[in-house]
Structures are given as structure tokens and as C-alpha cells.
Amino acid sequence: MSKQTQPAQAAISVSNLNKTYENGFKALDDVSLEVKSGEIFALLGPNGAGKTTLISTICGIVRPSNGSIKVNGFDNAKDYRKARQCVGLVPQELTTDAFETVWRAVNFSRGLFGKKPNDAYLEQLLKDLSLWDKRDSQIRRLSGGMKRRVLIAKALSHEPEVLFLDEPTAGVDVELRKSMWALVGKLRERGVTIVLTTHYIEEAEEMADRIGIISHGKVILTEDKTKLMKKLGKKELVLELQSPLKKLPKGMGKLDLRLEDDGNRIVYTYESAKEENGVASLLDSLRDEGIRCKDFNTRESSLEDIFVTLVKEK
Amino acid sequence: MNIRGIASIYKFEMARMRRTLGQSLISPVISTVLYFIVFGSAIGSRISDIDGVNYGAFIVPGLMMLTMLSQSTGNASFGIYFPRFSGTIYEILSAPLSSLEIVLGYVGAAATKAMIIGIVVLATAGFFVPLEIQHPFIMMFFLVMTCITFSLLGFIIGIWADGFEKLQIIPLLVITPLTFLGGSFYSINMLPDFWQKVSLLNPVVYLVSGFRWSFYEHSDVSIMTSVTMIMVFMLVCLAIIGVIFKTGYRLKN
Ligand SMILES: Nc1ncnc2c1ncn2[C@@H]1O[C@H](COP(=O)(O)OP(=O)(O)OP(=O)(O)O)[C@@H](O)[C@H]1O
Ligand SMILES: [Mg+2]
């Protein structure tokens, strides 16, 4: 066993990781990342950003071009058995052994990781995932949502300390999404470290402690969720006016307002996450000033916008 | 050593084979019966004994080889190709298993099945001709070594293939012809001088010859040559697999 050089609390530590695929495409560009033990880390990024590549490399499915990866302090090349032992992976694609039953599939996964059979644990796991009734069904006879839960059960079958969820809620209905979030909460209580990828800020917001943003193979930033949400969670309220304004009335100067389109439009920027976001007082002052609007809408900065701003900031 | 991991793969593969046990057993049994009707009875009755061995009995070891070679390569190549094709290989690759352990699981299962089918063919043959096995231990040695070696070859094919056609092509274009021309149904000595020499380039000749020797002490090449050759084939296959895992060829991006 190699001596642990990382601080004990680092569940995953990636340094200067690069991956260039055979066709010459550089999917990971000098990625360095730490995930603390017991935290929920959301990896946020648009399609093709390199999220799956990063996860697959940590799990030993993709070979890194260079750089180092440690899981619980174990190098994933030199100490691969110990490193992989700690890790469970739920892949993005629904890849299952169609003809196996659920029960056999989870037992198979547990065995692969060298764990002694433990029927009681697996029974509880399937019950937690509402799959116990389906334990003797062939996987091909399950719905897509159930298949995804089977993949989660397989990933958890060997009691991993670190769980990777690659887009756990892609193509999943609201109810299952909620139950997925609940499951993540439960796992966190048990002290499981979770890394999940998503396209949706709301999802990261709902589940994660910390968020990493990845774009074009680069980790642009990692930040506590609360801090990041302050930065990113801006909304704009756009009011189309009945008649144009020359300038904003003095009484409305306290709010973050601007005039657009030759005074035909007022745009108000605010933090959506705040209780007291000022929309009410804006509406009050509109009435007080006798400003009438014919239409209004709100817009959020999309993930793409945020990436663009973040990349520019760098 | 992750013994439970190996056992999981082995059991998984055996379960897959059990699901298709009917097909797996019926077709070799039927073809064995057909061979005996055509070669054993119809044609064989007009062929004189070869070195004192009745023709029907003479072809038994070759028939077993024919079946075992195609079963080993077929099972092993499909066994590893399918998870690559379906994507479930991710789980094997992310598990704490060494490459040797992965090979032991897949190749072990494919070889086991091929041995079972080989023995079923032998038993089927027993209905048509009196069986005698003079050197049962050597016979088992060849049976086991052949099944393992050709399962290793199948494993290599399953990793090399990037489509179902390629999976079929090597068995069809290489293994079947080599087995037919490898003295399964005749003695190499019956060929003209030139073709006898050419035949010695065919690796299957050594297998069939050694295997047949264990039955009837009749062989085309010396038994030691056969033993050496089968070990050489196995080492070559192991070396290729070693390179595959070392480079991640077609397994890892
Ligand atoms: N095997 C491969 N060979 C070559 N390029 C690849 C390979 N796999 C992925 N890529 C490329 O690497 C980039 C990153 O892909 P990756 O799957 O990691 O993205 P992602 O962030 O997971 O995207 P998504 O949100 O769509 O799942 C993409 O441009 C993709 O085309
Ligand atoms: Mg992805």
C-alpha cells in the first residue's frame, strides 16, 4: 500500500489530467480537481464539454494521456484495485445486460468488485430503489426509468464510498427525478461522496455542495454552490412600455434598472434566489409613477451565456 | 487475486450459455450424427481401415476437434465482443480486476463449454462406433489445451472485431478450412508428397494428430511435436492478449 500523500479528506484528487483521443481530439485540457470526502460535487457543462470523459478516466475506462488521479489517496494506475474498489459508476447511457434478471445483475456487479455475497444489503438496496418487486424480471422487460435505477443499484451493489452519476436525470420524469434527489440525500447521510454531471443549473443547485464548471475540456471554476448561485442566479424582468420614457424617474433609482430600445423597454436585473428580490417594489413604483406596460417577460441567463461570461472573465 | 470477480464473470458467461444450451448442444450432436451417416456409414463402408483403425472410429477425434475449435472460438469471441458492442464492458473495465482475471473469467467459461460439447460429441459417436481411448490422460490434455488455446484465440477475435461480420469471418475463412484440411477425415499420409509438406504448415494437423494418437496410437507427426505445438500456440495467444491489455487496444480509448 502506498502512503497516503493527499489530505485524508480528499475523496478524489485529479492533477494536470490531459486526454487526447485517438483521432487527435483533446477532450481534457490540464484538468485539476479535488472533491472532498462526503461532499456532493456537481460537474456542470454543455454537451461535449468533457464531463463523461473526465468521469470515465477517473473510473479507469478511458486511459489518460497524462496526469494523475487518486481516489481516497490511491493512485488509479499503480493502486488500481484499491482505487476502483471505492468507486461506483452509473453511466450516462442505459447499457444493461438485457437477458439478466435484476437480482442476478446486482449480484454479478457485487461479485466483480470482489465482495462477499450479502443478500440483506442487496435486498434493502433494491427496496430503496423500488426495484424489489422486479427482482426476478429480465432487465429488458423494465421501463427506461427502472433500467436507470438498475444501473444505480449495480453501481451501489459493492458499497462504494464514491459514486459517480453521469447525468442521472437525463430523460427521467419529474417523480423519478425527485426520488433520485432523495436517494442522493440518503447516500450523503451515509457519508458517500457523490460526483454528478448535469446540464441543469437547477439540478446542481438542488443537490450539490460544490459545483465545478467544465467547458471545452477545461475546468473553468470550482466554487461553493451558495457563492456560485449568487454569481449566476441572476434573472431579468423585461417590461415593454406603452409609451417610451426619456429617462428613468428619480424615485426608481435604487433598483438595478436600465432603459433599452429608445426608452420603450425597462430591464430589471435581480437575484432570483432571494426572497426580497425587489420585484414587488418595482411594480409599486411603476404604479406610483404612472408608467403603464403592455407586456412583460422574464429571462434567465442560460448555461451557455454563463459559460461565455465565465470564459470572458478568465 | 480477485477470485470472486473471476467467478462472477465465469458464472455470468455460463448462465448465458445455459440459456442457449439447447442450440449449443443440438447442432453439434446433429452434425456429428450426419457426419457418421455420410462418412462413417455411406462412404466409410467403402474405405478400408486406416492403419488398422476402422474409418468410422478414425474420424472421431477429428470430429471432436472440429466441434471444439469452432465452439471455443465462437463462444469466447462472442463473450467479449458482446459487452463491447452493448457497452456493458464499462463495468468490467471499472472493476478491480487485472487483465489476467478478465481473461480467466471469459476464456475459462468458453473453454468449459467447448469441453462439455466435445465430450457430448464423443458420447454421440459412441452410438455409432466402438470407442477405445488408449491414453485417456493425454486425450484430456489435448482436449483441455485445445479448448483453452482456441478460446484465447476467440477472445482475441472478439476484441479485434468491430462488427458481427468480422466475428464470423475468421472461424469461417480460417478455422473451418484448416480443420477440414487438417486431417480430421483422413491421414496426411494418404496425400501426395507435396501436399503432405504443405499440410505441415497447418497448425490443426498437429492437434488432430496428437489427439488421434491418444485414442489409437496412430499419428501423422510424432506425439511430442504435437504437444510442443499446442503449447506454442497457447503462448502465442497469451502474448497477443498481453499486448492487447498493455496497449488498451480496442478496449479502452
Ligand atoms: N471515443 C472518442 N473518440 C473521439 N472523441 C471523443 C470520444 N469520446 C468523446 N469524444 C469527444 O470528446 C468530447 C467530450 O465528450 P464527452 O462525452 O466527455 O462530453 P460530455 O461533457 O459528457 O457531453 P454530454 O453532456 O453530451 O454528455 C466531445 O467533443 C466528444 O466528441
Ligand atoms: Mg456525457
Just how far is it from atom CZ of Phe12(B) to atom CG of Leu112(A), taken to the nearest 0.5 Å?
9.5 Å
Cut-off 4.5 Å, heavy atoms of chain A, and the answer for Arg19(B) is side chain
Go through the steps to decide whether Phe108(A) and Glu91(B) satisfy the test side chain to side chain contact (heavy atoms under 4.5 Å, CB included), and finish with yes or no.
CA-CA 10 Å; Phe108(A) 169 71; Glu91(B) 205 177 10; 3.8 Å; yes
What heavy-atom pair brings [X] and [Y] nearest, and what distance separates the two atoms?
{"X": "Gly114(A)", "Y": "Asn2(B)", "result": "CA-OD1, 3.2 Å"}
{"X": "Lys246(B)", "Y": "Arg63(A)", "result": "O-NH2, 2.9 Å"}
{"X": "Gly111(A)", "Y": "Ser8(B)", "result": "CA-OG, 3.1 Å"}

Does the side chain of Glu93(A) reach to within under 4.5 Å of the side chain of Tyr90(B), using non-hydrogen atoms?
no
Do other residues, nucleotides or ligands put more than 12 heavy atoms under 6.0 Å from [X] [atom1]?
{"X": "Lys78(A)", "atom1": "NZ", "answer": "no"}
{"X": "Leu201(B)", "atom1": "CG", "answer": "yes"}
{"X": "Lys115(A)", "atom1": "NZ", "answer": "yes"}
{"X": "Lys11(B)", "atom1": "NZ", "answer": "no"}
{"X": "Lys218(A)", "atom1": "NZ", "answer": "no"}

Go through the atoms of [X] and report whether side chain, backbone, both or neither lie under 4.5 Å from a heavy atom of chain B.
{"X": "Lys116(A)", "answer": "both"}
{"X": "Arg104(A)", "answer": "side chain"}
{"X": "Val62(A)", "answer": "both"}
{"X": "Thr96(A)", "answer": "backbone"}
{"X": "Tyr21(A)", "answer": "side chain"}

Neighbours of chain A found in residues 93-127 of chain B - heavy atoms under 4.5 Å:
Leu93(B), Ser94(B), Ala95(B), Pro96(B), Leu97(B), Ser98(B), Glu101(B)
